[in-house]
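Single-structure report; data block below.
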Amino acid sequence: MSSSLREKKLAKKKADILRAASSIIAEKGYERTTMEEVAAQLLMTKGSMYYYFKSKEDLLFECHMMVVEPSIEMIKRIRESDLPTEEKIRAHMKEYILFQISEKAMFTVAGKLDQTFSETYLEQILKKRDEYNQIFDELIEEGVDKGVYRKLDVKMARIMILSALNSIQLWYKPNGGRTPEQVAEIHADYLVRILM
């Protein structure tokens, strides 16, 4: 087996474990979730779980990274695209909402930065979040500089928009009457008006 194929299989297995873990953590809470439960759901032994993650904290940290890192890549790609300035934030909002709906449990877990992390892990998570926030601010500033958006408090606008985007995990239901694409379109249309 080639090393790239082995790496892909390893990455897929880790993603499967993280999705199973996030579902259990979202339902029961971090403290009440055990590595044994996650392993049992995947028909694995507890020992084999430690091949992929060195601790429950490490597993939770990777759940956060599975949300934050793709979000950063997504917003970077949109920032560097040829889309008109006024379409960049709207396009990112829609893509971010669809990502959030597809990884609902993962976002639920990642939304709770409580006392479970050691300083080292917490610093890494906050650094990644700061990187994402900086790029989001740059997209707003680009729009303000080009006269697409009104002059405003960029940080406060970003906080309001991201608060609304991140609340979707609290209320979205697959059988709620609208497709994920409709939810994304409606939200992006309303939220972009904060900047106008």
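Side chains are part of it too, since the values below use all heavy atoms of this structure and drop only hydrogens, waters and symmetry mates. Because the structure is predicted, anything quoted here is derived from the model rather than measured.
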Between Tyr96 and Asn166, do the side chains contain an N or O donor and an N or O acceptor separated by less than 3.5 Å?
-> yes
Heavy-atom pair with the smallest gap, counting every atom of Arg79 and Ile135 | NH1-CG1, 3.6 Å
Residues two or more places apart in sequence or in another chain: which of them pass salt bridge (Lys or Arg N to Asp or Glu O under 4.0 Å) with Glu86?
-> none
Atom pair CG (Leu122) and CZ (Phe61), whose distance is rounded to the nearest 0.5 Å | 10.0 Å
Ser48 side, atom OG; Leu43 side, atom CG - distance, nearest 0.5 Å | 10.5 Å
Does a side-chain heavy-atom distance below 4.5 Å link Arg90 with Met93?
-> no
For Gln182 and Thr179, which heavy atoms make the closest approach, and how far apart are they?
-> OE1-N, 2.8 Å
Answer yes or no: is there a donor N or O on one side and an acceptor on the other, between the side chain of Lys46 and the main chain of Val38, under 3.5 Å?
-> no
Shortest non-hydrogen pair, Tyr149 vs Leu195, comes out as CB-O, 3.2 Å
Scanning both residues in full, the closest heavy-atom pair of Ser71 with Phe107 reads OG-CZ, 4.4 Å
Hey, what do you get for CD1 (Ile89) to CG (Leu83), rounding to the nearest 0.5 Å?
-> 12.0 Å
Gap separating the CZ atom of Arg158 from the CD atom of Glu141, nearest 0.5 angstrom = 10.0 Å
Going from CD1 on Ile161 to NE2 on His187, what distance comes out if it is rounded to the nearest 0.5 angstrom?
-> 12.0 Å
For the residue pair Glu95 and Arg77, establish whether any side-chain heavy-atom pair is separated by less than 4.5 Å.
-> yes
Spacing of Tyr52 atom OH and Glu62 atom CD [to the nearest 0.5 Å] | 14.0 Å
Tell me, please, which residues at least two apart from Lys28 pass side-chain hydrogen bond (donor to acceptor under 3.5 Å, both in side chains).
-> Glu37
Is there side-chain contact between Leu98 and Lys94, with heavy atoms separated by less than 4.5 Å?
-> no
